[in-house]
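Sequential numbering from 1 along the given sequence is applied to the chain's residues. Because the structure is predicted, anything quoted here is derived from the model rather than measured.
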Amino acid sequence: MNQEKLRIALAGNPNTGKSTLFNLLTGLKQHTGNWPGKTVAQSKGHFDFKDESYEIIDLPGTYSLIANSMDEEIARNYIAFEKPDVTVIVLDATSLERNLNIVLQVLEITDKAVVALNLIDEAEKKGISINEKKLQERLGVPVVKISARNKVGIDTLLDTVQKVITNSVSLSPLKLKYSDDIEKKIAELQPEIQSIYGSFLPSRWIALRLLEGDDSIISELNARVSKEKKGGPSYEFASGEC
Ligand SMILES: Nc1nc2c(ncn2[C@@H]2O[C@H](COP(=O)(O)OP(=O)(O)OP(=O)(O)O)[C@@H](O)[C@H]2O)c(=O)[nH]1
Ligand SMILES: [Mg+2]
C-alpha cells in the first residue's frame, strides 16, 4: 500500500452530481440538490479502494476554467497547480453537448483524466443512448457510465482511475489546435515557461493564458515563482508582456 494518499479531483459543470459521488465515496455529507452552484469551495474527503488510500477533492461546478469567478479560480488552480493524480470530469449524460466544453478545458491542463458520464439512469429514461467507446476514442481518455445516485458503475470508475494512475491505459487526450498565428506564439513561449517551471506545470496551457492576458494567472505564477525559487534569481511575468 502507498504511504502517500493518491489525490482525485472531481471537476465538471454545476449540478452534474460531483458532490453526490463525493458523498457516496467518502460517507461525508456535502450539500447536494437540484440547482447549480451549491459547492462553492473545495472540500476534501478520504476513502480506500482495493488496498489503496485516496484523498478526493470536490471542486465547485464551473462552465469554464478561465477564472472569471472565484469558483472557476478554485477549480482551475487546483487542477493546474496542485496537480491531482487524476481529475475525474463528471458530466451530465442528459446534456452531453454542453458538458463537453469543460472536458476540453481540463484536457488542456492535464492528461491524467477520466470522464464519468453521470445521470446515466436519467439519460436512459429520456431515450438518450451514448456510445461511450466512440466518445472515449474521440476524447483520448477513458469514459465510464455511472449513476452516482443509484450507485451504478462506481467500481468500474475507480478501477479506471487506478489504471490511469498506474499508467496501465494509454492516454492521448484531445488537444485543441489553434490558428497558425497562435500556435506560433505558443511555440515561442513554451520553452521560456519550461525553463522556469521544468515540466511540472502545463506549459502549453500557461502560454495560452499568457497570450490571453489573464492577469490572475500572472499573479498566481509570480506567487509560485517566489515561493519555489526563494533566494534564487527572480523572474517576473508582467501583465501585457506577450
Ligand atoms: N437521476 C440521477 N440524479 C442524480 C445522480 N447523481 C446526482 N443526481 C442528482 O443531481 C443533482 C445535483 O447533484 P449534486 O451532487 O449536488 O451536483 P454537483 O455537481 O455537486 O453540483 P454543484 O455543487 O452545484 O456543482 C441532485 O439532485 C442529485 O440528487 C444520478 O446518478 N442520477
Ligand atoms: Mg457540489
Check your understanding: Does one side chain, of Ser216 or Arg76, offer a donor that lies under 3.5 Å from an acceptor on the other?
Key -> yes
**Study point:** Aromatic Phe200 / basic Lys83 pairing, under 6.0 angstrom, 45° off normal
**Key:** yes
**Study point:** Minimum heavy-atom distance between Ile57 and Glu55, given as atom pair plus value
**Key:** CD1-OE2, 3.8 Å
Review point. Do Glu73 and Tyr78 have side-chain atoms, one donor and one acceptor, less than 3.5 Å apart?
Key: no
Check your understanding: Which value, rounded to the nearest 0.5 Å, describes the distance between His46 atom NE2 and Leu28 atom CG?
Key -> 8.5 Å
Exercise for review: Would you check if Tyr63 and Ile102 make a side-chain contact, meaning some heavy-atom pair closer than 4.5 Å?
Suggested key: no
Point to revise | Pairwise side-chain contact, Leu96 with Leu117, heavy-atom cut-off 4.5 Å (strictly under) | key: yes
Check your understanding: Hey, any chance Leu208 and Ile66 share a hydrophobic cluster, counting ILVMFWY side chains that come within less than 4.5 Å of each other, even indirectly?
Key -> no
Exercise for review: Please check if any side-chain donor atom of Ser179 sits under 3.5 Å from a side-chain acceptor atom of Asp181, or the reverse.
Suggested key: no
Point to revise | Residue pair Ser64 / Glu72, side-chain donor-acceptor N/O under 3.5 Å | key: yes
Point to revise | Distance-only polar pair, side chains of Glu220 and Asn77, donor-acceptor under 3.5 Å | key: yes
**Study point:** CG-CD1 distance between Leu25 and Ile154, expressed to the nearest 0.5 angstrom
**Key:** 6.5 Å
Exercise for review: Report whether Leu171 and Leu176 are members of the same hydrophobic cluster (ILVMFWY, side-chain heavy atoms less than 4.5 Å apart, transitive linking).
Suggested key: yes
Check your understanding: How far apart are the closest heavy atoms of Pro202 and Ile109, and which atoms are they?
Key -> CB-O, 3.3 Å
Practice item. Might you work through the side-chain contact (heavy atoms from CB on, under 4.5 Å) test for Leu10 and Ile89, ending with a clear yes or no? Key: CA-CA 6 Å; Leu10 298 178; Ile89 315 163; over 6 Å; no
Check your understanding: Is the shortest side-chain N to carboxylate O distance from Glu212 to Arg209 below 4.0 Å?
Key -> yes
Practice item. Check for a donor-acceptor pair, side chain of Thr110 on one end and backbone N or O of Val106 on the other, with a separation under 3.5 Å. Key: no
Point to revise | Heavy-atom side-chain contact between Ile206 and Gln194 under 4.5 Å | key: no
Check your understanding: Is there a donor in the side chain of Ser203 and an acceptor in the side chain of Gln190, or the other way round, less than 3.5 Å apart?
Key -> yes
Check your understanding: Quick one: does Asn99's side chain have a donor or acceptor within less than 3.5 Å of a partner on Asp92's backbone?
Key -> yes
Check your understanding: Is the number of heavy atoms from other residues, nucleotides or ligands under 6.0 Å of Lys175 NZ greater than 12?
Key -> yes
**Study point:** Closest non-hydrogen atom pair, Gly33 against Asn15
**Key:** O-OD1, 3.1 Å
Point to revise | Backbone of Ile130 reached by a side-chain donor or acceptor of Lys145 within 3.5 Å | key: yes
Check your understanding: Should Ile196 and Trp205 be regarded as members of a common hydrophobic cluster, given that ILVMFWY residues are connected when their side-chain heavy atoms come within less than 4.5 Å of each other, either directly or indirectly?
Key -> yes
Revision key, fill the gap. For Ala116 and Val88 the tightest heavy-atom approach is CB-CG1, 3.9 Å
Exercise for review: Please answer: with hydrophobic residues joined when any side-chain heavy atoms are less than 4.5 Å apart, are Leu157 and Leu91 in the same cluster?
Suggested key: yes
Practice item. Specify the closest pair of heavy atoms between Tyr54 and Gln162, including all atoms of both residues, with the distance to one decimal. Key: OH-CG, 2.8 Å
Point to revise | Polar side chain donor-acceptor pair, Lys112 to Asn167, under 3.5 angstrom | key: yes
Practice item. Please determine if Glu183 and Arg204 form a salt bridge, counting it only when a charged side-chain N lies under 4.0 Å from a carboxylate O. Key: yes
Check your understanding: Would you call Glu108 and Leu65 a side-chain contact if the rule is heavy atoms closer than 4.5 Å?
Key -> no
Point to revise | Distance, nearest 0.5 Å, that separates NZ of Lys29 from OG1 of Thr26 | key: 9.5 Å
Review point. Rounded to the nearest 0.5 Å, what separation is found between the CG atom of Asn101 and the CG atom of Asn13?
Key: 7.5 Å
Check your understanding: With a 4.5 Å limit on heavy-atom distance, are the side chains of Val103 and Leu107 in contact?
Key -> yes
Exercise for review: Would you check if Asp155 and Phe49 make a side-chain contact, meaning some heavy-atom pair closer than 4.5 Å?
Suggested key: yes
Study note, to complete from the structure: Correct closest heavy-atom pair for Phe81 and Ile217 would be CZ-CD1, 3.8 Å
Exercise for review: Step through the shown structure and confirm whether more than 12 heavy atoms of other residues, nucleotides or ligands are within 6.0 Å of CG on Asp180.
Suggested key: no
Exercise for review: Report the C-alpha distance between Glu132 and Val144 in whole Å, list the side-chain angles of each, state the deciding distance to 0.1 Å, and finish with yes or no for side-chain contact (heavy atoms from CB on, under 4.5 Å).
Suggested key: CA-CA 7 Å; Glu132 83 264 39; Val144 183; over 6 Å; no
Point to revise | Flag, side chain of Gln136 to backbone of Val143, donor-acceptor distance under 3.5 Å | key: yes
**Study point:** Any Phe22 side-chain heavy atom under 4.5 Å of Thr32 side chain
**Key:** no
**Study point:** Cluster link Tyr178 to Leu189, ILVMFWY, side chain under 4.5 Å
**Key:** yes
**Study point:** Between Asn118 and Thr16: side-chain donor-acceptor atoms closer than 3.5 Å
**Key:** no
Check your understanding: Does Asp214 use its side chain to pair, donor to acceptor, with the backbone of Leu210 at less than 3.5 Å?
Key -> no
**Study point:** NZ/NE/NH1/NH2 to OD/OE distance under 4.0 Å, Asp58 and Lys44
**Key:** no
Practice item. Under the side-chain contact (heavy atoms from CB on, under 4.5 Å) rule, what do Lys163 and Val114 come out as? Steps first, then yes or no, please. Key: CA-CA 10 Å; Lys163 281 187 191 144; Val114 174; over 6 Å; no
Point to revise | Close side-chain approach of Ile193 and Leu201, heavy atoms under 4.5 Å | key: no
Study note, to complete from the structure: In Ile120, Ile128, Asp121, the residue satisfying side chain to side chain contact (heavy atoms under 4.5 Å, CB included) with Glu124 is Ile120
Point to revise | Step-by-step side-chain contact (heavy atoms from CB on, under 4.5 Å) determination, Arg138 to Leu174 | key: CA-CA 7 Å; Arg138 295 288 297 277; Leu174 179 61; 5.6 Å; no
**Study point:** Sidechain-backbone polar pair: Asn150 side chain, Val152 backbone, donor-acceptor under 3.5 Å
**Key:** no
Point to revise | Leu119 side, atom CG; Lys126 side, atom NZ - distance, nearest 0.5 Å | key: 9.0 Å
Practice item. Look at the side chain of Lys18 and the backbone N and O of Leu59, then say whether any donor-acceptor pair between them is shorter than 3.5 Å. Key: no
**Study point:** Distance-only side-chain donor-acceptor flag, Ser53 / Asp48, under 3.5 Å
**Key:** yes
